[in-house]
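These notes are about the structure you will find just below.
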Number of protein chains: 2
Amino acid sequence: MEPRTTRATLQTVADEVGVSRTTVSNAYSRPDQLNSALRERILEAARRLGYPGPDAAARSLRRGRAGAIGLVFTETLSYAFADPYSVGFLRGVAEVAESSGTGLLLIPMPPGTDEAETAMRDAVVDGFCLYCMPVRHPAKKVIQARGLPVVTTDENDDPSIPHVGIDERASARLAAEHLTRLGHRRVAVMVDHVVEPGRAGRATVEEQRDSECAVLHGRLGGYREVLEEAGVDWANVPVVAAGRNSRPAAAAAAAHLLDVADRPTAVLATGDVLALGVLDACEQRGLVPGRDISVAGFDDVPEAARARLTTVRQPMGEKGRRAARLLLDPRDPGEAVPRVQLPTELVVRATTGPVPR
Amino acid sequence: MEPRTTRATLQTVADEVGVSRTTVSNAYSRPDQLNSALRERILEAARRLGYPGPDAAARSLRRGRAGAIGLVFTETLSYAFADPYSVGFLRGVAEVAESSGTGLLLIPMPPGTDEAETAMRDAVVDGFCLYCMPVRHPAKKVIQARGLPVVTTDENDDPSIPHVGIDERASARLAAEHLTRLGHRRVAVMVDHVVEPGRAGRATVEEQRDSECAVLHGRLGGYREVLEEAGVDWANVPVVAAGRNSRPAAAAAAAHLLDVADRPTAVLATGDVLALGVLDACEQRGLVPGRDISVAGFDDVPEAARARLTTVRQPMGEKGRRAARLLLDPRDPGEAVPRVQLPTELVVRATTGPVPR
DNA sequence: TTGAAAGCGATACCAT
DNA sequence: ATGGTATCGCTTTCAA
């Protein structure tokens, strides 16, 4: 018996078989470089010695390739699986990554700045997809410093980073115009959060302006334009935060809208999950959406169709696919930085209708 | 200007500042090991030189730690995001991983054996979570050979691998007994696939036996026991495969069940997504579930509650959390291999009722 | 085909 | 607080 104090390595196997490291390496990575009898002998010896195969990290270092792309969220990782919009996006990314044999590394974002920077540095990846990342995030500069391909979605400040997204403002307008055309003027808005995650309740115009989230700015901006064009004073439009992007949170926050004297005739939600929560709240109160009150969402997640929710559809799966492709298909340096803008459309279903009289 | 032909490395920065590599390394990894003035000088020089920070692969190699755990599916990666059960599980894994600063690497499984083995070898991870993996999968031995911590869910053959799951057979019995108690004897079963993915239609008893999927065996076995106890000949029980685990596929396959002379009075589905598809098919035909026909699912995904589906609840989030913990909390070698069995329960809602007369 | 030598880029340990 | 040295485990020329 050999002493098994130290783990078996390429060298161990090479010595055992009486060949060089190169040959053992080839046995794994380039089967065509040696005759299969020798290869079998090597593999057999490896098995016998308990050699686990070429070390992944060492291989990655030597080759300069990780075989994975990193997905970076600001939200908690588990949120990535909680929100159907996010799931749709990830699914798109996964489709493309998979077809090129690339793994997907979901990178958690620790709270502290130093920790976050370290996390971004330690990710063994060939590129980053930034998702839901505030315009100014400390970890962003680390990611850029690494010099790997990067792509952003939704939030796009930096023109030097490839981007795939939608026209947030114009898309939001679609929903708002639909409502004003139906005659609605007393409109309220439901968002996930404005200033800080978790904080629910009405947000002032100043707070809206100070938000770090470009998507929120775009969507609120679109709503605002349309409503002002219809003669509504934006300062009087209640913008209510659910605190978190969840159905129950939205349902709870909807109380601010529904249980008041001058209940709005319509609610614009910046996401379908929120809109569905508002619908839940309506149901609890015996309000029939589309008749007693109008509710419009954003995203068109799968559940929206079942709930007959009027919403703005954005192609989340396609977004993910395009983002992944931008990362995986190398572009030549001369080329302009790609900026993909995907189309959106208003989907009118049953939750919106004329102003009740 | 320095020549920038070669990428900046630790050494480059060390030379520039006139310190040793160690000190530069410490500036990044152990800020407390040097005075902050020097650290600032180093970081500044790094910035100036375009040094991207310590290389992730090199660091991972040297430290012997990857900072990520690998999730391995047999299904396509995008499927992981398509199935709500799977999403719930992943969410649980993500919660725990995140809390310990660990990333999640979703590893695609290529079709070929060699490719699959390479993919498992190249994953830079500290452990593997095997999910939905057939009892005999070629990639499995590579994973075990790597000698990293491994945990399986659902499919469990090997007693040497830690496992978290449910009692498939007993849980399936819950649903079946509920139906037989209601008087149902003409019962059909809907599964995703038996022999090979994609193949839809009725499956013979032989095909059922030959399936590689332990979960399927467990659930069908449970149904069978109960039905036979109730005097039903299993050979006469239609077991229909939807081909894929999707709602539309199930709805389509339900035609085999609903559009026949002796329509069953009840359908047992091995998953909620399938059950929901059956409900869709019922709706198209004007059949009211719970009155005209009974439908029971399995999993209790979020949509099930909305659809008022009777089903067997399994704690998918908890499954994920436990699996992640088994991977991340190191156990001492002497300890027995953990096998966690999570509880399930029957959730009776509106889609099941007495036999229509 | 096979092998020798030269790194890939960083960190740990032990002095200083 | 700093620095020297050894090493992590592999792949890649290039020559034999």
Side-chain angles (χ1 to χ4, degrees), chain A residues 5-42 45-46 49-67 118 121-126 145-148, chain B residues 5-42 45-46 49-67 118 121-126 145-148:
Chain A
T5 57
T6 173
R7 279 215 309 144
T9 146
L10 251 195
Q11 184 72 72
T12 324
V13 180
D15 292 349
E16 172 82 7
V17 183
V19 294
S20 79
R21 304 212 292 260
T22 311
T23 307
V24 179
S25 176
N26 283 337
Y28 284 96
S29 311
R30 306 181 161 177
D32 50 316
Q33 295 296 297
L34 40 72
N35 70 58
S36 57
L38 177 55
R39 176 165 191 242
E40 214 21 82
R41 258 176 64 215
I42 292 175
L49 263 41
Y51 173 62
D55 179 88
R59 188 172 234 190
S60 179
L61 168 61
R62 185 59 239 237
R63 289 182 148 160
R65 177 190 132 83
T118 302
R121 243 183 229 113
D122 277 352
V124 183
V125 295
D126 299 316
R146 283 191 59 176
L148 298 171
Chain B
T5 56
T6 175
R7 279 216 308 143
T9 147
L10 251 195
Q11 184 71 72
T12 324
V13 179
D15 293 349
E16 172 81 7
V17 183
V19 295
S20 79
R21 304 214 291 260
T22 310
T23 306
V24 179
S25 177
N26 284 335
Y28 283 97
S29 310
R30 308 181 157 176
D32 50 317
Q33 295 296 298
L34 42 76
N35 70 58
S36 58
L38 177 55
R39 176 166 191 240
E40 215 22 82
R41 257 176 65 214
I42 292 175
L49 262 42
Y51 172 63
D55 179 89
R59 189 174 233 188
S60 179
L61 168 61
R62 185 60 241 229
R63 290 181 143 161
R65 181 192 129 82
T118 301
R121 240 183 232 114
D122 278 352
V124 184
V125 296
D126 299 315
R146 284 192 58 176
L148 297 172

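From a predicted model like this one, the values you see are computed outputs, not experimental measurements. Just so we're on the same page: letters track the sequence lines, and every chain starts at 1.
Rounded to an integer number of Å, the gap from CZ of B:R65 to C1' of C:dA10 is 16 Å. Separating the CZ atom of A:R146 from the C1' atom of C:dA10 is a distance of 13 Å, rounded to the nearest angstrom. The nearest whole Å value for the distance from the CZ atom in A:R63 to the C1' atom in C:dG7 is 16 Å. In this entry the distance linking CZ of A:R41 with C1' of C:dT2 reads 13 Å, nearest Å.
For the side-chain hydrogen bond (donor to acceptor under 3.5 Å, both in side chains) test, no residue two or more places apart in sequence or in another chain qualifies with A:N35. Applying the side-chain hydrogen bond (donor to acceptor under 3.5 Å, both in side chains) rule to B:R121 yields no partners; only residues at least two apart in sequence or on another chain are considered. Considering only residues two or more places apart in sequence or on other chains, B:T22 meets the side-chain contact (heavy atoms from CB on, under 4.5 Å) condition with B:S20, B:N26. A search for side-chain hydrogen bond (donor to acceptor under 3.5 Å, both in side chains) contacts involving A:Q33 returns nothing, not counting sequence neighbours. B:R62 meets the side-chain hydrogen bond (donor to acceptor under 3.5 Å, both in side chains) test with no other residue; sequence neighbours excluded. Annotation: side-chain contact (heavy atoms from CB on, under 4.5 Å) contacts of A:A45 (sequence neighbours excluded): A:V13, A:E16, A:V17, A:R48.
Checking B:G18 against B:R21, the closest nucleotide of DNA chain D that is more toward the 5' end is the one next to B:G18.
Residue B:T22 is classed as a base contact, given a heavy-atom separation below 4.0 Å to a base.
The terminal axes of the helix from C:dT1-D:dA16 to C:dT16-D:dA1, fitted over 5 pairs per end, subtend an angle of 20° to the nearest 10°.
Using a 4.0 Å cutoff on non-hydrogen atoms, the parts of residues 27-39 of chain B near DNA chain D are B:Q33, B:L34, B:N35, B:L38, ordered by number. Only B:Y51, B:G53, B:P54, B:D55, B:A58, B:R59, listed by number, bring a heavy atom of residues 51-59 of chain B to less than 4.0 angstrom from any atom of DNA chain C.
Of all heavy-atom pairs between A:I42 and A:A27, the closest is CG2-CB, 3.9 Å. Of all heavy-atom pairs spanning B:A8 and B:L49, the tightest one is CB-O, 3.8 Å.
Residues A:L10 and A:Y51 are in side-chain contact: their nearest non-hydrogen atoms beyond the backbone lie under 4.5 Å apart.
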What donor-acceptor contacts under 3.5 angstrom involve side-chain atoms of residues 52-60 of chain B, with partners at least two apart or in another chain?
residue	atom	partner	partner atom	Å
B:D55	OD2	B:A57	N	3.0
B:D55	OD2	B:A58	N	2.8
B:R59	NH1	A:D122	OD1	2.7
B:R59	NH2	B:S29	OG	2.5
B:S60	OG	B:R65	O	3.0

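For DNA chain D, the outermost nucleotides in 5' to 3' order that have an atom under 4.0 Å from a heavy atom of chain B are D:dA1 to D:dG9.
Residue A:S20 places none of its side-chain N or O atoms closer than 4.0 Å to OP1 or OP2 of C:dA4.
Listed by first and then second residue, the salt bridge (Lys or Arg N to Asp or Glu O under 4.0 Å) pairs involving residues 26-42 of chain A are A:E40-A:R47 (not counting sequence neighbours).
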